[in-house]
Amino acid sequence: MVRLGFITGFIALIGVLLSGLAAYRVHDQELTVDGIALARAIDVHASLVQDRLTERELLASVASGLFRSPSVIKANMLQPLRSSMYAFRTDFVVASWIARLRPQELGAAHTELAGAGFPNPTIRSYTDVPLDTAALTQPVDLLMDVEPRNAETMDFPGRCFDQHPVLGPTLQRAMSELKPVASDPLPLLHADGPVGLVLAAPVLQDNGAQPAGFVTFSYELAPLMLTNDDLSLFSVALKDPRSDNTELIATEHGSVVSRPTDPQSQTPVNRTVSFGSRDWTLAYYAKTNALTRARQTAAIVAAIGLALTAIVCGLFGYVAYNNLRLSREIQVRIGFERRLTAVIDELNHRVKNILAVIQSIVTRTLRHGADIDVARELLIGRIHAMSNVVSLLSESQWQGVNLKGLFEARAIPHADRIAVSGPDITVSARAAQSLSLLFFELASHSDEGLSLVGKHPHIVAHWEVTGEEPETTFHFRWEEFNTSAATRRPDSDFSLILLDRVAPEALGGTSKRYFTDVSYVYELTAPMETVIDMSERDRTEQFSAPLKPLR
């Protein structure tokens, strides 16, 4: 047996080592594959973003190049560009014409804006405060036209943006570099509007090096750079150019919010894109932890390897154990013989008890001087009652009988006339034998007595259990109504012995019988521990349990 255990343990050790090696290799491969897939997906996404930004920057350059000797004071400068702008892209929020005007030109601009139908042609600051044009000494950047023209944008023309904290520096840089320039992220349309970027492209006059104005396109930031696909391997954020410790990310509702960079979170993969003469940093965060996923996959592989090892060891042990079983057959046979002997002894004991009871029944029934016909009927009935209870005990493997089952019609005379009531109790084999004979005697004598007066009795058999564990008590009451000492046949010697001595002693209790004004009563009181007799039931279960092979 020790040798078998050593061989099995050696096989198990080899299986565990191989399982660990396979899990280690799978762990490394999963990390490598996930890293390659994530890097490729990030590169594709960054390339797509760059292409989209380049298209929009090209739109701004083309739109600014379509102007030829523009009159900067006109309020419908975007009219020739409308079809061209929508032919490129339609996802801009607002396109606008911002003219660079000298102070003496502001009056003509006011007149032009009023004639174009804008609701507020007053020359004013970006905060909607009217400007003192007489006090101005430098050119200003004045919004003269917008596209689309709707209720939200018609109020914008007439505002000066040269002092705007974000658009002012953007226009200055576009004027100095003479190429499209993108602004910092800012709210579009109003203070609570979507976060976006403004791309300003300078418009040059034919004979001058200074811009006559700017064509601007504003874009929401979420669809421009930060669109996150639910099925993608990553989420993308834009590093905020205004702060090194914050980043902009699109929520599930499509709005852009700013959040602080968490140094404790996973390190992102950064990619740089160019837009509006500026470099923007995109931060890519993996949605799944590659290390955790690799560990889980490795754990699954290790579990499969260990399971296969266990199966191999089990099969080997099973085959080896079957060989050892031949040497143990003798021990099992010996145990079986001992068990069989014990069962036979128990059966002999029960048969002797039954034969003793039958002998007593025959002796007391066929006493000297008894009427042979009456004695024959009583003898058959009493043996029938014993046979019934033995059949019930055999069906339950001698573990007890339901008390109501003893009142079946095949064992108790005229059982259909007896009103039985009481809790569901399973009595022991010994108690069942005594109670079966007791019920037969009570029923047979009641029928004999009342048949003399030409009427059938009304009989009530009731029992109950009282008291607290473990001192509960069993109470049984038999009552024959419309019966008196004059109408009821006296009990025979066998009945008296059974009622007054045998049944109470078998249950360890007491009994009494008496007549009332309207009935004959028999009462039996006994402890529940003798009525149920758990020790007898446990012993029967032990003998009836299946054999277990020795190990």
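Just so it is clear, the model here is predicted, and its values are computed rather than measured.
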Report yes if some heavy atom in the side chain of [X] is under 4.5 Å from a heavy atom in the side chain of [Y]; otherwise report no.
X    : Y    : value
F118 : P157 : yes
F474 : T530 : no
R100 : M175 : yes
L188 : V195 : no
T309 : S19  : yes
D34  : L38  : no
P103 : T133 : no
C160 : D141 : no

What pairs with [X] under side-chain hydrogen bond (donor to acceptor under 3.5 Å, both in side chains), at least two apart in sequence or on another chain?
X    : result
S47  : none
E177 : R173
D51  : none
R40  : none

Nearest non-hydrogen partners of [X] and [Y], listed with the distance:
X    : Y    : value
L131 : S125 : CG-N, 3.8 Å
P423 : W463 : O-NE1, 2.9 Å
M144 : L113 : O-CD2, 3.6 Å
F214 : P202 : CD2-CA, 3.7 Å
W280 : P185 : CZ3-CD, 4.2 Å
V215 : A63  : CG1-CB, 4.1 Å

Problem set entry | Residues V257, L248; criterion side chain to side chain contact (heavy atoms under 4.5 Å, CB included); working and verdict | CA-CA 6 Å; V257 297; L248 302 171; over 6 Å; no

Is there a donor in the side chain of [X] and an acceptor in the side chain of [Y], or the other way round, less than 3.5 Å apart?
X    : Y    : answer
T466 : H475 : yes
N245 : S243 : no
E57  : S61  : no

Let me check something: any side-chain donor-acceptor pairs from residues 270-279 under 3.5 Å, sequence neighbours excluded? List them with distances.
residue	atom	partner	partner atom	Å
R271	NE	D43	OD1	2.8
R271	NH2	D43	OD1	2.9
S274	OG	D279	OD1	3.1
S277	OG	P180	O	2.9
R278	NH1	A182	O	3.2
R278	NH1	S183	O	3.4
R278	NH1	D184	OD1	2.8
R278	NH2	D184	OD1	2.6

Problem set entry | Residues W97, V146; criterion side chain to side chain contact (heavy atoms under 4.5 Å, CB included); working and verdict | CA-CA 6 Å; W97 161 246; V146 293; over 6 Å; no

Problem set entry | From CA spacing to verdict: side chain to side chain contact (heavy atoms under 4.5 Å, CB included), L18, I14 | CA-CA 6 Å; L18 292 177; I14 294 177; 4.0 Å; yes

Problem set entry | Pair Y285-F234, ring pair (Phe, Tyr, Trp, His ring centres under 6.0 Å): steps then yes or no | CA-CA 5 Å; Y285 294 90; F234 52 79; over 10 Å; no

Exercise. CG of N150: more than 12 outside heavy atoms within 6.0 angstrom?
Worked result: yes

Problem set entry | Within 6.0 Å of CZ in R242, more than 12 heavy atoms from elsewhere | yes

Problem set entry | side-chain contact (heavy atoms from CB on, under 4.5 Å) against L189, all qualifying residues, sequence neighbours excluded | V93, V94, E152, T153, F156

For this session: With sequence neighbours excluded, tell me which residues meet side-chain contact (heavy atoms from CB on, under 4.5 Å) with T137.
Result: none

Roughly how far, to the nearest 0.5 Å, is the [atom2] atom of [Y] from the [atom1] atom of [X]?
X    : Y    : atom1 : atom2 : result
T127 : R159 : OG1   : CZ    : 8.5 Å
I98  : T216 : CD1   : OG1   : 4.5 Å
Y126 : L143 : OH    : CG    : 15.0 Å
L58  : T54  : CG    : OG1   : 8.5 Å
I425 : N402 : CD1   : CG    : 9.0 Å
I311 : L306 : CD1   : CG    : 11.0 Å

Ion pair present between [X] and [Y], side-chain N to carboxylate O less than 4.0 angstrom?
X    : Y   : answer
E55  : R52 : no
E112 : K74 : no
R56  : D91 : yes

Exercise. Got a sec, which pairs hit ring-ring contact (aromatic ring centres under 6.0 Å, His included) with one end in residues 179-204, sequence neighbours left out?
Worked result: none

Sequence neighbours excluded and cut-off under 3.5 Å, please list the side-chain donor-acceptor pairs for residues 161-171, or say none.
residue	atom	partner	partner atom	Å
H164	ND1	V166	N	3.0
H164	ND1	L167	N	3.0
T170	OG1	V166	O	2.9

Problem set entry | Qualifying salt bridge (Lys or Arg N to Asp or Glu O under 4.0 Å) pairs with a residue from residues 462-472, counting only residues at least two apart or across chains | none

Problem set entry | Partner residues of D145 under the salt bridge (charged side-chain N to carboxylate O under 4.0 Å, His left out) criterion, sequence neighbours left out | R82, R149

For this session: List in chain and number order the residues that pass salt bridge (charged side-chain N to carboxylate O under 4.0 Å, His left out) with R25, two or more places apart in sequence or in another chain; answer none if no residue qualifies.
Result: none

Exercise. Step by step, would you call L238 with L282 a side chain to side chain contact (heavy atoms under 4.5 Å, CB included)?
Worked result: CA-CA 5 Å; L238 175 67; L282 298 177; 3.8 Å; yes

